[in-house]
Structure formats: C-alpha cells, structure tokens
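What you are looking at is a predicted structure, and each value in this text was computed from that prediction instead of being measured. Per chain, numbering begins at 1; letters A, B, ... match sequence-line order.
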Amino acid sequence: MGGAAGVGPAFELVDVVEERGGSRVLDGVSVTLPAGGITAVMGPSGAGKTSLLRLLNRLDDPSSGEVRFLGRPVRDYPVRELRCAVGFVFQTPVMFPGTVADNLRRAVELSPSGAAAGAAAGWIERLLEAVELDGDYGARDADRLSGGEKQRVALARALATGPQVLLLDEPTSALDPEVAERLLATVSRLNAERGHTVVMVTHRLAEARQHSAFAVMLEAGRVVESGATTELFERPRQARTRAYLSSAG
Amino acid sequence: MTLGPGLTLLAQAGAGAGAGAGAGTPPVDVSWVELGLAAGLVLVAMGVSSWQRLGLTRGFAVGAVRAVVQLLGVGYVLVYLFAANRWWLVLLALLVMLAAATKTSTDRVKERRRTIVPIAGVAMLVGAGVTLAYVDAIVLRPGEWYDPRYLVPIFGMIAGNAMNGAALAAERLQSEMEARRGEVEAYLALGAAPARASAEPVRRALTAALIPSVNGLAVVGLVALPGMMTGQILAGSSPLLAVRYQIVVAFMLAGAVAITSAIVVLWYRRTFFTAAEQLVARGPG
C-alpha cells in the first residue's frame with residue numbers, strides 16, 4: 001500500500017473542460033488530489049485519464065476551468081519550473097540517444113539545481129539505485145534496454161530534475177505482470193521514502209487497489225467518484241463505479 | 001581577387017555579343033536554321049521512346065516546344081530588361097523570380113502550407129537578398145549596382161538553390177518533428193525549453209538542407225562543368241577567368257542556402273510550439 005495521503009491538496013481541478021477535435025475529452029472535471037500519497041486515476045478507455053494527467057504539468061492546457069498546484073494556478077508558475085517539480089513518465093518510454101547516463105545527464109542539466117547535482121560524485125549511481133538498477137547500467141545503450149528497464153530509466157530521468165510530484169501515465173501497460181508489479185513496488189517505496197506525491201493512471205484495478213491511497217474514477221470525461229481507495233473499492237457510492245469495478249475486475 | 005575584366009566578358013556573353021575577349025575566340029552564332037537542326041536530337045529521343053514503347057514520345061514533343069517558348073520568352077524579357085536598364089524594373093524582375101521560387105519550394109510541402117509559405121518567402125528574401133547584396137557590392141562591384149546583366153542571372157542561381165534548401169529544410173523538419181514527437185515531448189516534460197527539446201529535429205533538417213551544398217562544393221569541376229562556367233567558355237572567355245567566376249558562384253550558393261535554410265528551420269520550429277511551450281496539436285494550417 002502506498003504512503004498515507006497528506007492533508008493538503010497537491011492539485012485542485014475546478015470545472016475543467018478540455019476540447020479536442022470538436023469533442024469534449026474532459027467535461028467539467030472538479031476534483032482534489034491529495035499531496036504526499038499515491039493517487040490512482042481509473043476508468044475505461046477514452047475516459048480522459050491521460051488528458052487529465054497532461055494538464056497537471058501543462059503538457060496541455062484546459063479549454064476552460066482551472067488547475068491549481070499547491071494552491072496556485074499552474075499558469076502562475078514558470079512552465080519549466082513547474083515541469084521540473086512535476087515529473088512525467090509516459091506510457092511508452094522514449095529514450096534519448098546515447099547511454100543511460102547520457103539520458104540522466106540531459107535531465108539533470110534541465111533542473112534548477114542541475115549544475116550542483118551534476119557536480120556531486122556518484123549521482124548517476126544513486127539515481128539508478130533509487131529505481132533499483134545496478135550502477136553499470138549507466139554505460140549501457142538506453143535504446144537497447146528491455147521495456148521494464150526503459151521504464152525504470154524514464155523514472156530515474158524524471159527523478160533527476162528533483163520533482164515533488166511524479167505523474168505516471170499507465171507505466172505498466174506494456175509490461176508483463178511480474179515486471180509491472182516490481183516497478184510499482186519501486187514507485188511505492190519511492191513514495192514512502194521520499195514523500196513524492198504520485199498520480200498514476202491505470203486501467204489495472206489490482207494495481208490501483210494495492211498501491212494507491214486515493215482513487216479517482218473517470219468516465220466519458222467526467223469524475224464519477226473519488227475518495228480513499230479502500231472506500232471506493234469496498235463501498236462505492238455510484239452505480240457506475242460498481243459496474244466498472246465488477247466488469248473490469 | 002579582382003574580377004574587373006571578367007565583368008565585361010559576363011556582360012558580353014549575357015547579351016549574346018559576338019566579340020569575346022581574353023584568350024578565346026568569338027562565340028559561334030546559332031542561327032534559326034541551326035536551332036532547327038538541333039531539334040533533330042530531340043527526334044532521336046522521340047524515336048527511342050517510340051521504338052521501346054515508353055509512352056514518352058508526346059512528352060518529349062510537348063517538352064521541346066515548351067522549352068523553346070519559355071526560353072525565347074525569357075530571352076526577350078532579358079533583352080528588354082537590359083535595354084531599359086532601370087533599377088526598379090530589375091528589382092521587380094527579382095521579386096517575380098523570388099515569388100516563383102517560393103511557390104515551387106512550398107508546393108512539395110503538403111501539410112501546414114499556410115504556415116510555411118510566408119516563412120519560405122521571407123527566408124529566401126533574406127537569404128538570397130543578403131547574398132546578392134554581398135556579391136554585388138563587395139565581390140563583383142559592377143559599374144551600376146542594379147546592372148541587370150549581373151543581378152538577374154546571379155539572382156536566378158541564388159534563388160534556385162535557396163529554393164531547394166528551403167524546401168528540403170521544411171520537409172525534413174516537418175517529418176522529424178512528427179517522427180520524434182515522443183522525444184520532443186519527453187524533453188518538454190522534463191522542463192526543457194522548446195529549442196532544446198527540438199534540437200535533434202532541427203539539426204537533422206539543417207543537415208539535410210546543407211548536404212547538397214557540401215557535395216556540390218566537393219565535386220564541382222570533377223563530375224560536370226557548371227553551367228555558368230560552361231557558358232562563359234563558350235562565349236570566348238578564358239577558362240581560368242570562368243573558373244574564378246564559378247568559384248564565386250559556388251561560395252555564394254553555399255552561403256545563400258545556409259542562410260535561407262537556417263531561417264526556415266529556426267522560424268518553422270517555433271510554429272510547432274504554443275506560447276506555453278506545449279506541442280501544438282497535429283495538422284494546424
């Protein structure tokens with residue numbers, strides 16, 4: 001189980017609408033995501049899960065409504081600082097050309113404290129250790145790694161900018177169950193040890209149930225239900241949540 | 001390197017004057033009858049096409065007629081421009097050439113045409129304009145800065161090459177930004193500026209645009225004698241003088257392509273990002 005959710009919100013979405021190609025992918029979403037814990041965003045395909053996640057570090061902006069991070073509208077933050085503070089791991093990890101160490105170096109150069117971090121001895125090994133990869137991975141060609149290894153490098157790369165939040169967009173969807181479980185165990189440990197807020201999109205209910213403290217159920221661009229994961233799974237208030245949990249579970 | 005004597009030669013060759021200078025003999029005149037005899041060579045090509053049933057016979061015929069009409073038309077325009085010798089007429093001709101080059105360079109770009117046309121036009125105006133001004137004012141220095149015998153053929157060469165550079169740069173940047181969309185967005189998500197995020201697509205697009213210039217410099221004179229140099233030699237100019245002109249041309253084409261391609265790539269790159277440093281949705285105008 002992930003660490004307990006903190007008391008203050010990390011993100012607040014207020015009546016958020018996002019239109020794309022003439023249709024609403026998010027339709028009046030209002031939800032609060034707690035700081036300090038792991039939040040799972042669940043729902044069927046096309047529910048708007050990834051669209052919601054992309055708003056949190058401004059890879060996209062909503063058509064209307066407001067997204068707040070630590071009480072301030074995300075638009076009020078310098079966008080590059082926001083993205084360093086709110087790391088994003090994509091569904092399909094994209095490796096930059098070169099070695100794993102090259103990937104980490106490029107990320108750390110982008111962080112506000114990049115020069116200092118890069119000057120500290122052994123920082124690459126420490127980052128790799130944080131995502132449970134041996135230090136000798138630094139010299140390996142990043143593009144020749146397995147899917148699970150690439151996802152760990154992507155996680156390390158996101159950690160390299162010193163984020164307070166990690167956004168994970170279905171990080172295990174391309175991984176076999178055993179590799180997926182090990183990756184999420186790493187995420188849970190990082191959350192417990194470092195106190196990162198984690199927002200994770202997933203369509204695997206078992207993952208959400210085991211690793212998250214808070215859950216949001218989305219359907220057709222709207223929030224159906226949100227709350228403590230245990231409550232949502234054991235005593236769902238909405239019939240559509242019950243239907244989804246029974247069909248997907 | 002002074003090119004003073006060569007200016008006279010270029011002027012005479014451009015006007016079709018019979019009197020050459022320097023080491024050569026006067027150029028051989030080509031009468032209408034002799035031009036007709038040259039058409040026999042096109043008939044050979046048409047014969048090969050018919051013999052092998054290539055379906056190109058009509059294409060050769062139409063192409064030959066078009067070539068004659070177009071070149072005669074250009075010839076008469078040039079005769080008029082040279083005779084009028086007015087700066088504004090020369091600049092007007094250069095602008096028409098630039099517009100045609102802009103249209104041709106952007107015809108090959110299928111997407112985002114509304115975005116790329118003004119970018120290519122301005123890039124070629126700056127790239128070709130700066131190069132022409134440099135060559136005109138600093139290298140060649142003709143008696144009148146607007147002398148059409150120099151400006152028109154030189155600008156034609158510059159604009160043609162800048163056009164190819166602009167088209168290659170735009171096409172390649174478009175395809176690289178599409179193919180590397182995930183990589184670019186991964187950089188943005190880490191807090192990278194758009195310039196850093198798109199550095200690799202930009203590098204590849206510029207390389208693609210400049211490779212022909214590099215190759216051109218490497219093989220000039222070895223694989224084929226360039227057209228301008230050949231023309232000067234046929235007009236009776238000393239080969240060594242023609243070579244000096246050709247070197248100037250090779251250098252100015254490299255400069256024009258580099259300036260034009262850099263402007264196209266760096267400006268076009270900006271259109272892939274929003275003010276909030278997000279990738280724009282696919283397929284905007």
Side-chain angles (χ1 to χ4, degrees), chain A residues 18-22 25 53-62 74-75 77-98 103-114 142-143 150 153-154 156-163 165-169, chain B residues 110-115 168-169 171-211 265-285:
Chain A
E18 188 181 2
E19 294 179 340
R20 200 180 305 139
V25 291
L53 202 68
R54 291 171 61 88
L55 301 179
L56 303 183
N57 77 342
R58 295 197 71 194
L59 283 179
D60 293 322
D61 279 334
V74 289
R75 288 173 187 269
Y77 291 89
V79 69
R80 294 177 209 166
E81 287 179 25
L82 176 75
R83 288 174 181 161
C84 284
V86 182
F88 200 110
V89 176
F90 293 86
Q91 183 175 2
T92 306
V94 178
M95 296 290 98
F96 302 145
N103 271 262
L104 300 181
R105 255 182 230 112
R106 283 175 199 163
V108 87
E109 285 164 7
L110 297 169
S111 69
S113 57
D143 213 35
K150 282 182 182 176
V153 173
R157 209 170 55 189
L159 291 172
T161 64
V165 178
L166 286 172
L167 307 176
L168 312 178
D169 184 11
Chain B
K110 300 299 177 200
E111 295 178 40
R112 313 184 79 202
R113 282 185 48 79
R114 277 183 295 166
T115 305
L168 275 171
E171 272 185 308
R172 188 60 180 266
L173 186 65
Q174 174 89 43
S175 62
E176 289 287 339
M177 287 297 288
E178 282 298 322
R180 296 179 173 272
R181 194 176 175 87
E183 178 184 315
V184 173
E185 196 153 60
Y187 269 113
L188 291 179
L190 288 166
R196 178 67 190 88
S198 57
E200 188 63 18
V202 161
R203 193 182 68 79
R204 286 171 181 254
L206 267 179
T207 303
L210 295 180
I211 284 283
V265 167
L266 296 180
W267 187 357
Y268 193 29
R269 180 249 301 272
R270 296 170 67 93
T271 69
F272 287 88
F273 299 94
T274 69
E277 304 187 353
Q278 299 151 339
L279 272 174
V280 296
R282 287 182 172 88

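- For chain B, the option among E81(A), R20(A), R75(A), R54(A) with the highest count of heavy-atom pairs below 4.5 Å is R54(A).
- Contact between R83(A) and Q278(B) at its shortest, heavy atoms only, is NH2-CG, 3.5 Å.
- Here the shortest heavy-atom pairing between D61(A) and A276(B) reads OD2-CB, 3.8 Å.
- Within residues 184-192 of chain B, the residues approaching chain A closer than 4.5 Å by heavy atoms are, in numerical order, E185(B), A186(B), Y187(B), L188(B), A189(B), L190(B), G191(B), A192(B).
- With a 4.5 Å cut-off on non-hydrogen atoms, P163(A) does not touch chain B at all.
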